[in-house]
There are 2 protein chains.
Amino acid sequence: MAVLWHCQGVTDTRTAGAVRQGSLRELNLAVVLRRIAATDRPPSRAEIAADTGLTRATVSAVVDDLIAGRLVTEADPAPRTGAGRPARGLLLGDTGPAGLGLEVNVDYLAACVVDLTGAVRHHEVRRVDLRPLSPADALTDLVALARRARTAADDAGLGLAGAALAVPGLVDARGLVRLAPNLGWRDVDVPALLAGHPALTDPVDGVPPLVVENEANLAALGELHARPGGPQSFLHVSGEIGIGAGIVLDGALFRGSRGWSGELGHVPVDPGGPTCRCGARGCLETYAGQEAVLAAAGLAGVDLPADTAARRLADLACSGDPAALDALHAAGTALGVAVSGVVNLLDLDTVVLGGGYATLAQWLCPPVLAELDARVLTSGWSPVTVRPAALGAESAAVGGAGAVVRRIIARPSGWLSRPG
Amino acid sequence: MAVLWHCQGVTDTRTAGAVRQGSLRELNLAVVLRRIAATDRPPSRAEIAADTGLTRATVSAVVDDLIAGRLVTEADPAPRTGAGRPARGLLLGDTGPAGLGLEVNVDYLAACVVDLTGAVRHHEVRRVDLRPLSPADALTDLVALARRARTAADDAGLGLAGAALAVPGLVDARGLVRLAPNLGWRDVDVPALLAGHPALTDPVDGVPPLVVENEANLAALGELHARPGGPQSFLHVSGEIGIGAGIVLDGALFRGSRGWSGELGHVPVDPGGPTCRCGARGCLETYAGQEAVLAAAGLAGVDLPADTAARRLADLACSGDPAALDALHAAGTALGVAVSGVVNLLDLDTVVLGGGYATLAQWLCPPVLAELDARVLTSGWSPVTVRPAALGAESAAVGGAGAVVRRIIARPSGWLSRPG
DNA sequence: GCAATTTGTTCAGTGGTTGAATTAAATGGC
DNA sequence: GCCATTTAATTCAACCACTGAACAAATTGC
């Protein structure tokens, strides 16, 4: 009766399709590469063999393939240890594939390049109010950033293996932006608009080069990326003009069946509360959305980019402004109520405050924690951690680029068998 | 720019560990068996080969192994089609392994046996009020049911491959029941108490024979099991004395990191509402829990098993009793508020009302739907379906037994390499 | 200088898939 | 009723990638 197996294990999807003969190598490439990626200290071939259960012979063969594909390099200085032939450490390559992360937001465009090791090799943010621009014009500007990012990647010897574009709105499975309220976009066919710009990336192994994804989801992945040893399951709340959330479970983004998960802004906080622009009453957004908080702090009608607004509010709070402090406490309490529901439902132990909330975390965390302590059934056993996001506005772009390189690590065969 | 790949695919965990040589067959056994299980019409070897991409030679070899292990049988009557040698249909075996499902609840014990095909081959429910009994006595009674179930399985030529026990409470990873409030259990070490009863099942391939799991989670799996072609992602709400929920995503139970997901009963509905027995204010349970609904319907203080109480309430509602109708409408509205939050967060399109709610679905569905329509951001694009559960009180036991056989289908090598 | 130790590679052996050829079992036209 | 046609399933040599053991390489310590 010793150890129990879990129902989660009951339905593990170890293989999606058939396992052909070549899949064996394909799968072991992923196993070995993942092992190399999983640690700080570069592991030796022998160590990998011992850890994974493969023979040293197999590991050597697999590593040869990985080195040939520039996914892995040997560490030059042999780490000095005891007796025996010194091990040669293996590192993720920093001249192989890289991911391109892009973001279109209300008041800025961003692009970044992340290499296999997770290092941000290029980063550019361009402040521009996109609301007056048409989607086509906005994307033309974005392509200029992407082109510079690609040049930077080329100069560094990196090959772009894919790109991810963050958009603050609902995106469907084909990359159509169904609704991005704060951008004023509706049914914008981003892939079609970008189709005329082949500069982005080339397809690799049949994998299309661009993903379009909700900004809050990619920002959550950015948090995952920024804390390699951190929790693998958490809720990342993006407090912008609207409130979105990215749900990360076991190191993977949970998108829902259509990718529309995480609409935390419209979780009911008080069913009899004020009417939200979505038509319902008492949504979280009516308590903790940027507009509501600014109004409560006496800054009604101020039209500011999210981070500037948050900065302004933080300054007020720092100076002890009572209206600002009250507004933040109320927002934090409402946020705590909504988040408590999430935690009760998903059994999470970490909540990350991102977007504008990161700047205001100092004032938001206490009331959020208070609600969590009171409302989460299991908080007595294991308390919930609430903390600000590790990255700022670049989170979504970095998260998107990181998702691209994580995909390479999860399935290196695609990169290795590329035409080039 | 054609088709987009999804972020979900970015983080697919195709392999957990190393892929040894024998894993190839192991994995293909699962691929082929899953294909056989996935359809009504028995597929031929050739059809499986075409679908999976394996060669007919490989499929034949794999099927031979499955037939030898009684996991698969050949359908006797050749399905008459066009020209050519007639195909021999392949079916899941009904004389191979089976799962044992058990349930301990407030007012009944249950046991059932489910074979690979999903058929319930044995079922027994024993009504008994467990609250006065000690956990040890309750489990002794349960073992008697389990023994009869095992005898029934043996008589039918089935081999029990594992058992799952549903408990209405929080269960930790080691099978310890941390808290089962309505049973009056706290820190009950179920595996230890059952260790003296070896009659349950024998271990198979190192997999321990018994899982202890939350009743709401297994009931959700029961719903999945009862509707083979139904949705693979849904929220299953169990309305008992407390309110639990099981979250099924892509055909798998989502348990959270510690298995404590689905505490819907303590999701806040109105932060200023009545105080709940958990200490917080305005939990769903204070509006839609059995006690609250009975009190609102004028049946305060009645201490009844969940299904009896629901039956009584349904009778009142049928007869047009205004207090009962109002109580149900209020409960449904509160339930709708809580469920709206869940749907906004997880992007689900189906909500199943189970437990006592199934009996009352006729009156609960309309207000739940009304709240969903008003509060779910994406309800305009794709409406949410709300419907009663397919199974009644037996849901958790059947779901647990089904989870055992699903595990066999997911990893048949464990059964095939068993000692016997 | 030599035994001990640990790493990494080489190589014959093997398990399981591959692909083509072959056999099996039916339909349909004449 | 016979034979070409068609589709299903099996057989078999070839091959791919892993296995295990032996071996070469590189260092420490006596």
Side-chain angles (χ1 to χ4, degrees), chain A residues 15 17-32 35-36 41-68 72-90 412-413 416-417, chain B residues 15 17-32 35-36 41-68 72-90 412-413 416-417:
Chain A
T15 50
V19 184
R20 328 249 337 197
Q21 193 154 91
S23 315
L24 233 161
R25 170 55 60 95
E26 197 169 316
L27 293 168
N28 279 330
L29 283 167
V31 168
V32 170
R35 174 64 187 79
I36 295 174
R41 193 173 43 73
S44 68
R45 292 167 174 79
E47 200 174 335
I48 294 171
D51 285 5
T52 60
L54 295 167
T55 50
R56 293 203 303 272
T58 304
V59 172
S60 275
V62 167
V63 166
D64 284 349
D65 283 4
L66 292 173
I67 290 180
V72 164
T73 53
E74 284 190 320
D76 296 308
R80 189 54 44 106
T81 47
R85 171 175 168 173
R88 311 224 277 178
L90 298 169
S413 51
L416 294 178
S417 65
Chain B
T15 49
V19 183
R20 329 250 335 198
Q21 190 156 101
S23 315
L24 234 162
R25 169 56 57 97
E26 197 169 315
L27 293 168
N28 279 332
L29 284 166
V31 168
V32 170
R35 174 64 187 80
I36 295 174
R41 193 174 42 74
S44 66
R45 292 165 175 81
E47 200 173 337
I48 295 171
D51 285 5
T52 60
L54 295 168
T55 49
R56 294 201 299 273
T58 304
V59 172
S60 276
V62 167
V63 166
D64 285 349
D65 282 5
L66 292 172
I67 290 179
V72 165
T73 54
E74 286 189 319
D76 296 308
R80 189 56 42 108
T81 47
R85 172 174 166 174
R88 309 224 273 178
L90 298 170
S413 51
L416 294 179
S417 65

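Naming: A, B, ... by sequence-line order, numbering from 1 per chain. Remember, it's a predicted structure, so these values are computed and weren't measured experimentally.
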Please give, in whole Å, the distance from [N] [atom2] to [X] [atom1]?
| X | N | atom1 | atom2 | value |
| --- | --- | --- | --- | --- |
| A/R25 | C/dG16 | CZ | C1' | 16 Å |
| B/N28 | C/dG15 | CG | P | 17 Å |
| A/L416 | D/dA17 | CG | P | 13 Å |
| B/L24 | C/dT14 | CG | P | 18 Å |
| B/L27 | D/dA17 | CG | P | 16 Å |
| B/R88 | D/dA8 | CZ | P | 13 Å |
| B/Q21 | C/dG15 | CD | C1' | 4 Å |

Quick one: pull up [atom1] in [X] and [atom2] in [Y] and give me the separation to the nearest 0.5 Å.
| X | Y | atom1 | atom2 | answer |
| --- | --- | --- | --- | --- |
| B/R45 | B/R88 | CZ | CZ | 6.0 Å |
| A/R20 | B/N28 | CZ | CG | 9.5 Å |
| B/T73 | B/L66 | OG1 | CG | 11.0 Å |
| B/S413 | B/R25 | OG | CZ | 11.5 Å |

What parts of residues 45-65 of chain A reach DNA chain D, counting only heavy atoms under 4.0 Å away? A/T55, A/A57, A/T58
Can you identify which nucleotide, out of C/dG8, D/dA26, D/dA9, has its nearest atom closest to the B/A87 side chain? D/dA9
Residue that, paired with B/V59, satisfies side-chain contact (heavy atoms from CB on, under 4.5 Å) out of B/V31, B/I48, B/L90: B/I48
Applying side chain to side chain donor-acceptor pair (under 3.5 Å) to A/S44 and not counting sequence neighbours gives none
Nearest-nucleotide comparison on DNA chain C, the residue closer to the 5′ end among A/R20 and B/R85: A/R20
